[in-house]
Amino acid sequence: SGLPAGVPVCAGSADHIASALATGCAEEGDLLLKIGGSADILYTTAHGEPHPRLFLDYHDVPGRFVINGCMASGGALLHWFVEQFCRDVPGPRRFAALDAEAAAVPPGCEGLTVLPYVLGEKTPIFDPAA
């Protein structure tokens with residue numbers, strides 16, 4: 001780097017990697033499901049083997065990697081759905097109301113399919129226009 005010896009160096013990380021560290025996901029096989037605006041499945045491993053349909057990041061813990069499956073609109077889609085279909089339900093009870101309605105539908109959702117691509121998509125299709 002050309003820096004003289006003794007100069008302090010500080011490194012940061014992306015929010016999803018910092019969240020893995022903060023939740024204690026640091027050992028082989030640790031898994032974190034993180035839902036914010038996006039949704040991530042973060043898997044901690046000591047093996048940095050890339051996969052063409054997933055992201056691979058360095059962990060904040062030396063010698064560890066994070067395999068990352070990320071949907072661009074995980075939490076954003078949930079927020080949109082609640083705002084569209086539960087406007088008349090007070091805030092804290094909105095998800096409970098949706099859970100009750102979902103429980104009344106048989107497995108398979110009577111053919112309903114949700115494609116969560118309201119903000120494009122990251123893994124596994126890598127298509128910002130999806």
Side-chain angles (χ1 to χ4, degrees):
S1 69
L3 294 173
V7 172
V9 175
C10 179
S13 64
D15 59 348
H16 62 288
I17 302 301
S19 67
L21 180 67
T23 58
C25 290
E27 299 301 322
E28 179 75 33
D30 286 350
L31 183 77
L32 170 64
L33 174 60
K34 182 181 77 64
I35 299 178
S38 63
D40 293 282
I41 299 173
L42 305 171
Y43 179 80
T44 303
T45 182
H47 309 286
E49 299 169 17
H51 187 283
R53 296 176 59 141
L54 299 169
F55 294 118
L56 178 67
D57 299 293
Y58 287 105
H59 200 298
D60 287 331
V61 175
R64 297 283 188 255
F65 299 87
V66 176
I67 299 171
N68 177 6
C70 180
M71 295 177 59
S73 58
L77 178 60
L78 290 173
H79 177 75
W80 174 85
F81 191 90
V82 167
E83 290 299 316
Q84 298 305 308
F85 300 106
C86 293
R87 289 182 187 174
D88 58 334
V89 179
R93 296 197 305 253
R94 287 180 171 177
F95 287 103
L98 285 173
D99 287 345
E101 287 190 42
V105 178
C109 301
E110 298 175 348
L112 175 67
T113 300
V114 175
L115 299 176
Y117 306 139
V118 296
L119 297 172
E121 195 48 77
K122 295 182 179 182
T123 62
I125 63 174
F126 298 101
D127 185 354

TODO: Measure across Ala26 and His59 and return the closest heavy-atom pair with its distance rounded to 0.1 Å.
DONE: CA-NE2, 3.9 Å
Task: Atom of Thr123, atom of Cys70 and distance for their closest heavy-atom approach - done: OG1-N, 2.6 Å
Open item on the list: Is there a path of hydrophobic side-chain contacts, each under 4.5 Å between heavy atoms, that joins Leu31 and Phe65?
Closed with: yes
Open item on the list: With clusters defined by side-chain heavy atoms of hydrophobic residues (ILVMFWY) lying less than 4.5 Å apart, directly or transitively, does Phe85 cluster with Leu77?
Closed with: yes
Quick test of your reading: applying salt bridge (Lys or Arg N to Asp or Glu O under 4.0 Å), list the pairs with at least one residue in [range], sequence neighbours left out, ordered by first then second residue.
| range | value |
| --- | --- |
| residues 5-17 | none |
| residues 113-130 | none |
| residues 93-108 | Glu83-Arg94 |
| residues 55-77 | Glu27-Arg64 |

Task: Pairs involving residues 4-39, ordered by first then second residue, that meet ring-ring contact (aromatic ring centres under 6.0 Å, His included) (sequence neighbours left out) - done: none
Open item on the list: For a side-chain contact (heavy atoms from CB on, under 4.5 Å) check, start with the C-alpha distance between Leu98 and Val82, then their side-chain angles and the critical distance, and finish with the verdict.
Closed with: CA-CA 8 Å; Leu98 285 173; Val82 167; 3.6 Å; yes
Got a list of side-chain donor-acceptor pairs under 3.5 Å for residues 102-119, not counting sequence neighbours?
none

TODO: Name all residues meeting the ring-ring contact (aromatic ring centres under 6.0 Å, His included) criterion together with Phe95; count only those two or more places apart in sequence or in a different chain, and write none if there are none.
DONE: none
Task: Partner set under salt bridge (charged side-chain N to carboxylate O under 4.0 Å, His left out) for Lys34, not counting sequence neighbours - done: Asp40
Open item on the list: Can you list, by chain and residue number, the hydrophobic cluster partners of Leu32 when the side-chain cut-off is 4.5 Å?
Closed with: Ile17, Leu42, Val66
When the side chains of residues 43-55 are checked against the rest of the protein, which donor-acceptor pairs come out under 3.5 Å, sequence neighbours left out?
{"unit_1": "Thr44", "atom_1": "OG1", "unit_2": "Cys25", "atom_2": "O", "d": "3.4"}
{"unit_1": "Thr45", "atom_1": "OG1", "unit_2": "Glu28", "atom_2": "OE1", "d": "3.3"}
{"unit_1": "Thr45", "atom_1": "OG1", "unit_2": "Glu28", "atom_2": "OE2", "d": "3.1"}
{"unit_1": "Thr45", "atom_1": "OG1", "unit_2": "His47", "atom_2": "N", "d": "3.1"}
{"unit_1": "His51", "atom_1": "ND1", "unit_2": "Arg53", "atom_2": "N", "d": "3.0"}

Open item on the list: As an exercise, state the distance from CE of Met71 to CD1 of Ile35, rounded to the nearest 0.5 Å.
Closed with: 9.5 Å
